[in-house]
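Following this message is one structure expressed as structure tokens.
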Amino acid sequence: MAGVSIQNVEKAFDDARVIHGIDVEIAKGAFVVLVGPSGCGKSTLLRLIAGLEDVTGGSIRIGGQEVNDMAPKDRDIAMVFQNYGLYPHMTVAQNMGFALKLSGVDKTEIAKRVENAAGILNLDALLDRYPRQLSGGQRQRVAMGRAIVRDPQVFLFDEPLSNLDAKLRVQMRAEIKQLYQRLKVTTVYVTHGRCDRGHA
Amino acid sequence: MKHAKLKKRATAWVVHLLLGLWLVFSLLPPVMLLAASLNSTALFRSPLDLLLLRDFTLDNFTQAFTRGDFWFFFTNSLIISGAAVAITLVVCVPLAYGLTKISGRARAAVSYGVLAMRFIPYVVLALPMFLIFVNLGLSGSRTGLLLAHLSIHIPFATWMLVGFFDTVPGELEEAGIVDGCTPWNLFWDVTLPVVRSGIIALAILVFIISWNEYLFALFLAGSDAQPLTVGITRFLGGAEAGAEYGVIAAYAVLVIAPVILFALTANRFIVSGMTAGAVKG
Ligand SMILES: Nc1ncnc2c1ncn2[C@@H]1O[C@H](COP(=O)(O)OP(=O)(O)OP(=O)(O)O)[C@@H](O)[C@H]1O
Ligand SMILES: [Mg+2]
């Protein structure tokens, strides 16, 4: 686990400046919620932390180490995308184990860790299904499962509840809260809805 | 309410009637072909007699096989079509994937260039190709004919594939990047499987286009590389008496049978939505 330190970070797409030098200090093990209206650069900030975009100014540190020029896979972060980004051709188990498979973890170990995560998220019965056979809430849980099997330094959540109906949103919010209390991993959680804020 | 129901019924009837007519219209030629191939006196009978198989015989097929050098033409068709599919995929899949990765203007330029090839009616290309192939010693060879086919397939397939790759949401590859994919992993393990059914359908389409191609074959195949579509014309010469039509029909049936089999398998892949539900909740 590690803290994230964002110092004077700027991001511009060609001429369009989206992030104008922000500073955020996220302590190790903290759960930080960023709220803002649509288009204010929340996703962009998460993508900068994840390394999907390069900063145009300032620096980002994860666990004290500057990651500006580090490839996403070396940053040891996991991200839950706005639309989940599940691999449609892989089963739930394969989706969750993919990162481990890429990093050369052996099969029995992958199975063990996937099973473990599935247990935490109530996905045991769904491991052999494909994403298209899941409900929105279940997909959401798979996306979270994919993040936790890797046991990363930092979790990034990008408005993960915006695709769910109101009732499910309440339920998933509670689950994210539980998950955090169980794992205590540094988490950055981004949302535009007032209703998402503060509860976790 | 009753009225509305009746109206709905009537519409359904009309739709079915039209579809039925269309079915008869589109199936009649191939069915007549089959009927003609199974009768000994194709030309002198009324279509009804043919359909009822009044002079049933399999002799036409025997003749098509034995007299028509069937396997010679078949081998040419198979090799050219098979190689066309393989090469088209090997060239176009990475090309199209790469195109979706490069920036706006460069992509537009290359895409347009590729597509522009399709503006030319390809009859026009046959003559210059013939001249070029003569100079290169490729005229009358399968390699030459294959190259001609590729000049049609590659722009077409690239254009189709760019469309496929564009349907893959960017988020998918980003999830892959965060999961630790190398560029190769992103291509091979993440994106390619998502468009797989489209690629299979495309492969089948390319095969069928090559299999049915006639014009290039006529110009470029010489006598050693002739495919089935040209082979069939052998029987036309001897047809003054009319007796050969049965054999031609049998031969034609043999030519289209593999294509129909192929198209039937294609159906399954064309109608399948792998990406459905991948991204939206
Ligand atoms: N690749 C890009 N090229 C140019 N502009 C971009 C790009 N990505 C984002 N932007 C711009 O940056 C701004 C912030 O985008 P971002 O996606 O971070 O917003 P957001 O806060 O996540 O909004 P939402 O709540 O709607 O998801 C927007 O004005 C957007 O148009
Ligand atoms: Mg966003």
Write down the atom of Ile62(A), the atom of Val154(A), and the distance for their closest heavy-atom approach. CG2-CG2, 4.1 Å
Is Arg141(A) close enough and on-axis enough to Tyr84(A), meaning under 6.0 Å and within 45°, for cation-pi? no
Can a side-chain donor-acceptor contact be found between Glu53(A) and Thr44(A) if the only test is distance below 3.5 angstrom?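 Distance-only check fails for Thr44(A) and Glu53(A).
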Can you confirm whether or not the ring centre of Phe25(B) sits under 6.0 Å from the ring centre of Trp22(B)? no
Measure centre to centre between the rings of Phe164(B) and Trp159(B), then say whether the value is under 6.0 Å.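 No - the distance between ring centres of Phe164(B) and Trp159(B) does not fall below the 6.0 Å cut-off.
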With Asp166(B), which residues qualify under salt bridge (Lys or Arg N to Asp or Glu O under 4.0 Å), at least two apart? Arg107(B)
Relative to chain B, which segment of Arg47(A) carries a heavy atom at a distance below 4.5 Å: side chain, backbone, both, or neither? side chain
Residue by residue, scan residues 145-158 of chain B and write down, ordered by number, those that have a heavy-atom distance under 4.5 Å to chain A; if none do, write 'none'. none
Measure up the Phe187(B) and Tyr97(B) rings against each other and bin them: parallel (under 30°), tilted (30 to 60°), perpendicular (over 60°). tilted
Non-neighbouring partners of Glu213(B) that pass salt bridge (Lys or Arg N to Asp or Glu O under 4.0 Å), sequence neighbours left out: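 Not a single residue meets the salt bridge (Lys or Arg N to Asp or Glu O under 4.0 Å) criterion with Glu213(B).
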Any side-chain donor-acceptor pair under 3.5 Å between Ser43(A) and Asp158(A)?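 Asp158(A) and Ser43(A) do have a side-chain donor-acceptor pair below 3.5 Å.
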Is Leu52(A) close to chain B through its backbone or its side chain, or both, or neither, when contacts mean heavy atoms under 4.5 Å? side chain
Need one label for Ala143(A): side chain, backbone, both or neither, based on atoms under 4.5 Å from any heavy atom in chain B.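 No part of it gets close to chain B.
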Name the option with the most non-hydrogen atom pairs under 4.5 Å to chain B; the candidates are Met79(A), Arg75(A), Met90(A), Arg146(A). Arg146(A)
Give me the ring orientation class for Phe119(B) and Tyr112(B): parallel if the planes are under 30° apart, tilted from 30 to 60°, perpendicular past 60°. perpendicular
Should the ring pair Tyr87(A) and His89(A) be called parallel, tilted or perpendicular, given that the plane angle runs from 0 to 90° and is split at 30 and 60?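 Rings of Tyr87(A) and His89(A): tilted, 30 to 60°.
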Part of residues 93-107 of chain A lying next to chain B, heavy-atom separation under 4.5 Å: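 Listed by number: Phe98(A), Ala99(A), Leu102(A).
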